Amino acid sequence: MTDTIFGQIVRGEVSAELIYQDELVTAFRDIQPQAPTHILIVPNDPVPTLADVTESDEPTLGRMIRVASNLAEKDYIDKEGYRLIINCRDHGGQEVYHLHLHLLGGRPLGKMLPN
Ligand code: DGP
């Protein structure tokens, strides 16, 4: 399994603005925020992409989404709304090959994709 910068953040070897960690997932602020709230939620055990997940990853995937919902509430973006994104591989625009969920909000995000 290839190690990435996100694995190093999970293990505390590289600094990040960590905002949540439990036995399954870690959440930290994106270094290049695209919105006032831009948080990344990653599994502690790296899976490269969404296309690589298996049945054994289901508890972690569920936790990632619940943590996103809880962090949206903590960042006061839940009432106005927000967006969750998982980019997968080349056509999905994935840059870091350690599965991650983007939590974006704090401003109107517009259409999902440019026309
Ligand atoms: P994606 O395109 O879905 O693979 O998004 C990768 C995101 O990761 C991108 O928005 C920038 C962010 N990122 C890349 N390197 C770092 C880092 O070292 N620290 C933090 N906090 N975020 C990073």
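This structure is a prediction, so every number in the text was calculated from the model and none was measured. One-based numbering along the sequence shown. Just so you know, ligand 1 is whichever comes first in the structure, and atom 1 is the first atom listed for that ligand.
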Separation between CG of Leu71 and CG of Leu40, rounded to the nearest 0.5 Å | 11.5 Å
Atom pair CD/OG1 of Glu23 and Thr60 - distance to nearest 0.5 Å | 8.5 Å
Short N or O distance, Val96 and ligand 1, threshold 3.5 Å exclusive = yes
So which bit of Val14 gets within less than 4.0 Å of ligand 1, heavy atoms only: side chain, backbone, both or neither?
-> neither
Measure His102 to ligand 1 on non-hydrogen atoms and call it side chain, backbone, both or neither using the 4.0 Å cut-off.
-> side chain
re atom 11 (C) of ligand 1, the protein heavy-atom contact at minimum distance is Asp30 OD1, 3.2 Å
Record the part of Ile85 in heavy-atom contact with ligand 1 below 4.0 Å; permitted values are side chain, backbone, both and neither.
-> neither
With a 4.5 Å limit on heavy-atom distance, are the side chains of Gln8 and Ile5 in contact?
-> yes
Enter the distance from Thr4:OG1 to Ile9:CD1 here, rounded to the nearest 0.5 Å.
-> 8.0 Å
Write out the residue and atom name of the closest protein heavy atom to atom 4 (O) of ligand 1, then the distance separating them to 0.1 Å.
-> Glu95 N, 2.6 Å
Just jot down the ligand 1 atoms closer than 4.0 angstrom to any heavy atom of Phe28, in number order.
-> 21 (N)
Measure the distances from the heavy atoms of Gln34 to every atom of ligand 1 and state whether one is below 4.0 angstrom.
-> no
To the nearest 0.5 Å, tell me how far Tyr82 OH sits from Ser69 OG.
-> 4.0 Å
More than 12 foreign heavy atoms under 6.0 Å from CG of Asp30: is that the case here?
-> yes
Atoms of ligand 1, numbered as shown, that sit under 4.0 Å from any heavy atom of Ile9 | 19 (N)
Could you tell me the separation between the CG atom of Asn70 and the CD1 atom of Ile41, rounded to the nearest 0.5 Å?
-> 10.0 Å
Just jot down the ligand 1 atoms closer than 4.0 angstrom to any heavy atom of Asn87, in number order.
-> 1 (P), 2 (O), 3 (O)
Should the heavy atoms of other residues, nucleotides or ligands under 6.0 Å from CZ of Arg66 be counted, would the total exceed 12?
-> no
Nearest-contact summary for atom 6 (C) of ligand 1 - protein heavy atom, Å = His100 NE2, 3.5 Å
Atom 8 (O) of ligand 1: closest protein heavy atom, distance to 0.1 Å, is Phe6 CZ, 3.3 Å
Which protein heavy atom lies closest to atom 2 (O) of ligand 1, and at what distance to 0.1 Å?
-> Gly93 O, 3.0 Å
Give the contacting part of Arg29 toward ligand 1: side chain, backbone, both or neither, where contact means a heavy-atom distance below 4.0 Å.
-> backbone
For ligand 1, which part of Ile31 has a heavy atom less than 4.0 Å away: the side chain, the backbone, both, or neither?
-> both
Look at the aromatic rings of His38 and His102 and report parallel, tilted or perpendicular, splitting at 30° and 60°.
-> tilted
The closest protein heavy-atom partner of atom 18 (O) of ligand 1 is Ile5 CG1, 3.4 Å
Roughly how far apart are Asp22 CG and Asn44 CG, rounded to 0.5 Å?
-> 6.5 Å
